[in-house]
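We name chains A, B, ... by the order of the sequence lines, and we start the count at 1 in each one.
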Protein chains: 2
Amino acid sequence: MQEKEISQAVIRRMPRYYRYLGELLDAGVERISSNDLSLRMNVTASQIRQDLNNFGGFGQQGYGYNVKYLYEEIGKILGLNQQHNIIVIGAGNLGQALANYVKFEKLGFMIIGLFDVNPALDGVTVRGIKIRMLDELEDFCRENKVDIAALTMPKEKADAIANRLVGLGIHAIWNFAHVDLELINKDVVVENVHLSDSLMQLSYNIVKNQRAKENSRQTD
Amino acid sequence: MQEKEISQAVIRRMPRYYRYLGELLDAGVERISSNDLSLRMNVTASQIRQDLNNFGGFGQQGYGYNVKYLYEEIGKILGLNQQHNIIVIGAGNLGQALANYVKFEKLGFMIIGLFDVNPALDGVTVRGIKIRMLDELEDFCRENKVDIAALTMPKEKADAIANRLVGLGIHAIWNFAHVDLELINKDVVVENVHLSDSLMQLSYNIVKNQRAKENSRQTD
DNA sequence: TAGATTGTTAATCGATTAACAATC
DNA sequence: TAGATTGTTAATCGATTAACAATC
């Protein structure tokens, strides 16, 4: 039985629902209607109901949604009910920044190892996590359950290391290197975080605003 | 005269075109057809032509696109022909990681200041950039042209600082704090980088693969 | 029971793909 | 000129919004 594929547009919105429900929960709110939530989140109530009904009927007519229940269910949908172990390849600033993000652990993402090629970093500890040399990667993956590898090294090395990791049975790659990875195994999940792309989008919108301002000045 | 709005779906793809064209340029390729590019990038030729024609006709029938020319034109569209000055609020690991990204400077994004509230960081220098205390923000913005502020501080403080920056005439906010900013001025551009959202999408897809694998095992 | 609000179907809107005449 | 490939219109596909019957 083939599960119907849920569009990535929907998936992208789920973490945001999860965050808002978490805030409501912390604020002691017990139930919420799709309409009330839509006003807070600046989306349509219809979209909320459609999105949620991709995964099941979590609400109740005449009542709305139970905040705690919905929060937990979305957590399960996103896989937050299980622990995910992460290793970070590249222990530079970004790699160390990720290792220091306490937030991730609260969501079930544990950073269990940092790797680099720079001997000066060998054995250095970041929030209790030891930096290892890259040639220890194979042993480490054999001895530990590693689910996700975050790549924060220069883009030239990313492809080779990604495929080395795929060979070691990793499930997913969280890619910060500014390349499109070409993986030997299509079942491995890839999520790209391209910071310079994000910055270029920002700059496009700045320039767009500048042009709009000039135009309105001309027509004044 | 109202310019027709270009959809964010198109804008999101522009940096990727820019990257591929840059690689072709470095490789000494002089011209490329939408079809050849589509094969490399794994998109349809039709989409490439549609996307580009939102901004103008950069190609030539029977010839294709001149790589250097198209690369430069996309650069202008993205605003990369002008310099953008950035300050980073929050000089923790992530803030320092951003300051160390040499890549950004090549694209015209200059990090000119780092700010924090931690006195231990006062005067410390990251790649030649001095860390200042947050109460110097007003003076600094008066004395320097600041276009973009990157927010890497805890989410509780993000909203207040964002609005303080808006008051100081900043054009754009690159937000790494895990909140939706509520700005007093709607003309300020906001670009969010929500790393935990990205991680949750990753984890959704991991779990989806797990489920698919289990299902196929059952039907075997 | 009456009011509220969901789950779901139908209508609309927008984005992607296909097709082809224009033209280098 | 003939072949190649764009720019652009038309067709399709998918995502969002609206509407409403089902039901708590």
### Task
Mind checking side chain to side chain donor-acceptor pair (under 3.5 Å) for A/Lys157 and listing every partner two or more places apart, or none if nothing turns up?
none
### Task
Please name all residues satisfying side-chain contact (heavy atoms from CB on, under 4.5 Å) with A/Asn163, sequence neighbours left out, ordered by chain then number.
A/Asp159, A/Leu183, A/Ile184
### Query
Which pairs pass side-chain hydrogen bond (donor to acceptor under 3.5 Å, both in side chains) with one or both residues in residues 77-96 of chain A, sequence neighbours excluded?
A/Gln83-A/Asn85, A/Asn93-B/Asn100
### Message
Give me each pair satisfying side-chain hydrogen bond (donor to acceptor under 3.5 Å, both in side chains) with a member in residues 44-67 of chain B, each pair once, sequence neighbours excluded.
### Response
B/Arg13-B/Asp51, B/Tyr17-B/Asp51, B/Ser34-B/Arg49
## Note on the structure
Sequence neighbours excluded, the answer for salt bridge (Lys or Arg N to Asp or Glu O under 4.0 Å) partners of A/Arg127 is A/Glu105
### Task
Round to the nearest Å and state the distance from B/Gln47 atom CD to C/dG14 atom C1'.
13 Å
### Task
Please work out which residues in residues 16-38 of chain B have a non-hydrogen atom less than 4.0 Å from an atom of DNA chain D and list them by number.
B/Ser33, B/Ser34
### Query
Mind checking what makes ring pair (Phe, Tyr, Trp, His ring centres under 6.0 Å) contact with A/Tyr71, not counting sequence neighbours?
A/Tyr18
### Task
Starting from P on D/dT6, measure out to CG on B/Asn53 and report it in whole angstrom.
10 Å
### Message
B/Lys145: which residues meet the side chain to side chain donor-acceptor pair (under 3.5 Å) condition with it, sequence neighbours left out?
### Response
B/Asp147
### Message
Could you tell me how far apart B/Gln8 (CD) and C/dA15 (C1') are, to the nearest whole angstrom?
### Response
14 Å
#### Entry: Atom-pair distance (CG on B/Leu52; C1' on C/dT16), nearest Å
15 Å
### Query
Does a side-chain N-to-carboxylate-O contact under 4.0 Å join B/Arg16 and A/Asp180?
yes
### Message
Among residues at least two apart in sequence or on other chains, which ones pass ring pair (Phe, Tyr, Trp, His ring centres under 6.0 Å) with A/His178?
### Response
A/His194
#### Entry: Check: C/dT9 base within 3.5 Å donor-acceptor of A/Gln50 side chain
yes
### Query
Using Watson-Crick and G-U wobble pairs with both distances under 3.5 Å, what is the 5'-to-3' dot-bracket string of DNA chain D, with [ ] for crossing pairs and | for pairs outside the strand?
..||||||||||||||||||||||
#### Entry: Counterpart residues, side chain to side chain donor-acceptor pair (under 3.5 Å), relative to B/Glu73 (two or more places apart)
B/Lys76
### Query
Once each nucleotide of nucleotides 19-24 of chain C is scored for protein heavy atoms under 4.0 Å, what B/S/- sequence comes out, 5' to 3'?
BB-BBB
